[in-house]
K.L.:
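Below is the structure I would like to discuss, written out as structure tokens.
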Amino acid sequence: MSERTSYAAQPGLQSDCGNCFGLCCVALPFSRSSDFPVDKSAGTPCGSLQEDFRCGIHRRLRDQGYNGCTVFDCFGAGQKVSQVTFKGVSWREEPDSARAMYEVFPVVRQLHELLKYVAQALDLPAAGPVHGDLRRAYERLDALTRDTAEVLLAVDVDALRGEVNPLLLRASELARAAVPGRKKNHRGAHLMGSRLRGAKLRGASLRGALLIAADLSGSDLRDADLIGADMRDTNLCGADLRGALFLTQPQLNAARGDARTKVPQSLQRPPHWAD
């Protein structure tokens, strides 16, 4: 892969529902809540799952009370498990493989999330000093996602995350070092419901911060590290998120924004945001 090629933009790290056996709609459980209108156990197909493995209410998920579905992203794990791990044979065709497929999917999803973060770090020019280690980590994780179901089920994801996180942290520090001035550190902070309207948070660390229902409207979040930040119902109206580090589509989808919110070019403005 050339230096100019974006790692994070690779098709394999984007969900491709057309090549997936509807695994997120079958393997994962959910409970009746503000995110889902009914209960569903793991391994039970959602009532809206069609024969072609597509969602029958995809365009009306929020209207039907399935907000939780709109903030989920498998980062390409669905098609990987469907087409690579189980070689294109679905759980409908081979019912005996269903249980293993459902158990492997969450593991590969976590690995693909890690791959996505490593890919984003590799796309940061300022993180050059750790690109070598990041490439090795990427290749190792990628190879693991292509291994057998038996190998994947034995993976210690927490241990892998512990090995990769220091590289991501170093990449973040290098990228944010270019931001002028003193950077705020809110790593792991409990900021639920906090009034941070117009906050100057450029280059800040918000790694793992709880930002549920926080008011960040009009805030400057350029180049801020948002890896793992809980942004459910966060008010991002008018906020500037350009260049935000490790920001994912599910985080944006879980937040509230409007036409004035500036988002990174690699991400999409959620359709349910206000005009």
K.L.:
Kindly say whether Gly238 contributes a backbone atom to a donor-acceptor pair with the side chain of Asp258 at under 3.5 angstrom?
P.N.:
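At least one qualifying donor-acceptor pair exists.
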
K.L.:
Closer than 3.5 angstrom, by distance alone: can the side chain of Arg222 be matched with the main-chain N or O of Leu241 as a donor-acceptor pair?
P.N.:
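No, the answer is negative, given that no donor and acceptor are paired below the 3.5 Å cut-off.
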
K.L.:
Are Val118 and Leu174 co-members of a hydrophobic cluster defined by side-chain heavy atoms under 4.5 Å apart?
P.N.:
yes

K.L.:
To check you understand the geometry: which heavy-atom pair defines the closest contact between Glu93 and Ser90, and what is its length?
P.N.:
OE1-N, 2.9 Å

K.L.:
Would a 4.5 Å heavy-atom cut-off, applied to side chains only, mark Lys80 and Phe105 as touching?
P.N.:
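Of all side-chain heavy-atom pairs linking Phe105 with Lys80, none is under 4.5 Å.
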
K.L.:
How far does CZ of Arg260 sit from CG of Asp240, to the nearest 0.5 angstrom?
P.N.:
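Output value for this atom pair is 12.0 Å.
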
K.L.:
Would you say the side-chain atoms of Ser41 pair up with the backbone N or O of Thr44, donor to acceptor, closer than 3.5 Å?
P.N.:
no

K.L.:
Do Val84 and Val108 share a hydrophobic cluster, counting only Ile, Leu, Val, Met, Phe, Trp and Tyr and linking them when any side-chain heavy atoms are less than 4.5 Å apart?
P.N.:
no

K.L.:
Is the number of heavy atoms from other residues, nucleotides or ligands under 6.0 Å of Arg62 CZ greater than 12?
P.N.:
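It does: Arg62 CZ has more than 12 such atoms within range.
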
K.L.:
Heavy atoms only: give me the nearest Pro264-Gly243 pair and the separation to one decimal.
P.N.:
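Shortest heavy-atom separation between Pro264 and Gly243 comes out as CG-N, 4.4 Å.
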
K.L.:
Using modelled atom types only, decide if a donor and an acceptor are shared between the side chain of Lys116 and the backbone of Gln14 within a distance under 3.5 Å.
P.N.:
no

K.L.:
To the nearest 0.5 Å, how far apart are CD1 in Ile57 and CZ in Arg59?
P.N.:
13.5 Å

K.L.:
Looking only at heavy atoms, what is the nearest atom pair of Gly43 and Lys40, with distance?
P.N.:
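Heavy atoms of Gly43 and Lys40 come nearest at N-NZ, 4.5 Å.
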
K.L.:
Could you walk me through whether Ile227 and Ser172 pass the side-chain contact (heavy atoms from CB on, under 4.5 Å) test, one step at a time?
P.N.:
CA-CA 10 Å; Ile227 192 169; Ser172 170; over 6 Å; no

K.L.:
How far apart are the C-alpha atoms of Val26 and Phe21, what are their side-chain angles, what is the distance that settles it, and do they pass the side-chain contact (heavy atoms from CB on, under 4.5 Å) test?
P.N.:
CA-CA 9 Å; Val26 185; Phe21 299 141; over 6 Å; no

K.L.:
Could you grab the distance from atom CG of Leu245 to atom CG of Leu221, nearest 0.5 Å is fine?
P.N.:
11.0 Å

K.L.:
In Å, rounded to the nearest 0.5 Å, how long is the span from CD of Glu150 to OG1 of Thr85?
P.N.:
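Rounded to the nearest 0.5 Å, the CD-OG1 separation comes to 10.5 Å.
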
K.L.:
Any heavy-atom pair between the side chains of Tyr66 and Phe72 that's under 4.5 Å?
P.N.:
no

K.L.:
Rounded to the nearest 0.5 Å, how far apart are CG of Leu267 and CZ of Arg242?
P.N.:
14.0 Å

K.L.:
Any donor-acceptor pair under 3.5 Å linking the side chain of Asn253 with the backbone of Thr70?
P.N.:
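At least one qualifying donor-acceptor pair exists.
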
K.L.:
CD of Gln268: more than 12 outside heavy atoms within 6.0 angstrom?
P.N.:
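Open: at most 12 neighbouring heavy atoms sit under 6.0 Å from CD of Gln268.
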
K.L.:
Is a side-chain donor or acceptor of Gln10 paired with a backbone partner of Tyr7 at a separation under 3.5 angstrom?
P.N.:
yes

K.L.:
Kindly indicate whether the side chain of Tyr117, heavy atoms from C-beta on, has any atom under 4.5 Å from the side chain of Val164.
P.N.:
no

K.L.:
Using a 3.5 Å distance criterion without hydrogens, assess whether the side chain of Arg269 forms a donor-acceptor pair with backbone atoms of Leu252.
P.N.:
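No; zero donor-acceptor contacts below 3.5 Å.
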
K.L.:
Got Leu216 and Met231 here, is their nearest side-chain heavy-atom distance under 4.5 Å?
P.N.:
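SC-SC contact between Leu216 and Met231 ruled out.
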
K.L.:
Is atom CZ of Arg140 surrounded by more than 12 heavy atoms (other residues, nucleotides or ligands) closer than 6.0 Å?
P.N.:
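Atom CZ in Arg140 is not packed in, count stays at 12 or less.
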
K.L.:
Where do Asp142 and Leu115 come nearest, in terms of heavy atoms and distance?
P.N.:
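Looking at all heavy atoms of both residues, the closest pair is N-CD2, 3.8 Å.
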
K.L.:
Does His131 use its side chain to pair, donor to acceptor, with the backbone of Leu124 at less than 3.5 Å?
P.N.:
yes

K.L.:
Is Asp16 close to Pro11 at the side-chain level, that is, under 4.5 Å between some pair of heavy atoms?
P.N.:
no

K.L.:
Looking only at atom types and distance, does a side-chain atom of Asp35 sit under 3.5 Å from a main-chain N or O of Asn67, one as donor and one as acceptor?
P.N.:
no

K.L.:
Honestly curious: do Leu111 and Leu167 fall in one hydrophobic cluster under the side-chain, below-4.5 Å linking rule?
P.N.:
yes

K.L.:
Please confirm whether the backbone N or O of Val89 pairs with a side-chain atom of Glu94, one donor and one acceptor, at under 3.5 Å?
P.N.:
no

K.L.:
Quick check: are there more than 12 heavy atoms from other residues, nucleotides or ligands sitting under 6.0 Å from NE2 of His190?
P.N.:
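No, not enclosed.
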
K.L.:
Please enumerate all residues that pass ring-ring contact (aromatic ring centres under 6.0 Å, His included) together with Phe75, with sequence neighbours excluded.
P.N.:
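ring-ring contact (aromatic ring centres under 6.0 Å, His included) check on Phe75 returns nothing, list empty.
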
K.L.:
With sequence neighbours excluded, what pairs up with Phe30 under the ring-ring contact (aromatic ring centres under 6.0 Å, His included) test?
P.N.:
Phe36

K.L.:
If you apply the rule salt bridge (Lys or Arg N to Asp or Glu O under 4.0 Å), what do you find for Glu139 with Arg136, and how did you get there?
P.N.:
CA-CA 5 Å; Glu139 291 165 1; Arg136 284 186 285 275; over 6 Å; no

K.L.:
Taking all non-hydrogen atoms of both residues, which atom of Val157 and which atom of Gln110 are closest, and how far apart?
P.N.:
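In terms of heavy atoms, the two residues are closest at CG1-OE1, 3.6 Å.
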
K.L.:
For the residue pair Ala149 and Val104, what are the closest heavy atoms and their distance?
P.N.:
CB-CG2, 3.8 Å

K.L.:
Starting from Val71, can I reach Trp273 by hopping between I/L/V/M/F/W/Y residues whose side chains sit under 4.5 Å apart?
P.N.:
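Hydrophobic grouping puts Trp273 apart from Val71.
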
K.L.:
Please answer: with hydrophobic residues joined when any side-chain heavy atoms are less than 4.5 Å apart, are Leu49 and Leu23 in the same cluster?
P.N.:
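Hydrophobic grouping puts Leu49 with Leu23.
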
K.L.:
Could you pull out every donor-acceptor pair under 3.5 Å between side chains of residues 196-213 and any protein atom, sequence neighbours left out?
P.N.:
unit_1	atom_1	unit_2	atom_2	d
Arg202	NE	Asp223	OD2	3.2
Arg202	NH2	Asp223	OD2	3.4
Arg207	NH1	Asp225	OD2	2.8

K.L.:
Calculate, to the nearest 0.5 Å, the distance between atoms OG1 and CD belonging to Thr248 and Gln120 respectively.
P.N.:
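Taking OG1 in Thr248 and CD in Gln120, the distance rounds to 7.5 Å.
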
K.L.:
Do Trp91 and Phe86 have side-chain heavy atoms sitting under 4.5 Å apart?
P.N.:
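With C-beta onward as the side chain, the pair stays apart.
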
K.L.:
Under the criterion side-chain contact (heavy atoms from CB on, under 4.5 Å), I'd like the reasoning laid out for Arg109 against Leu28: C-alpha separation, chi angles, the key distance, then a yes or no.
P.N.:
CA-CA 11 Å; Arg109 194 266 179 191; Leu28 306 180; over 6 Å; no

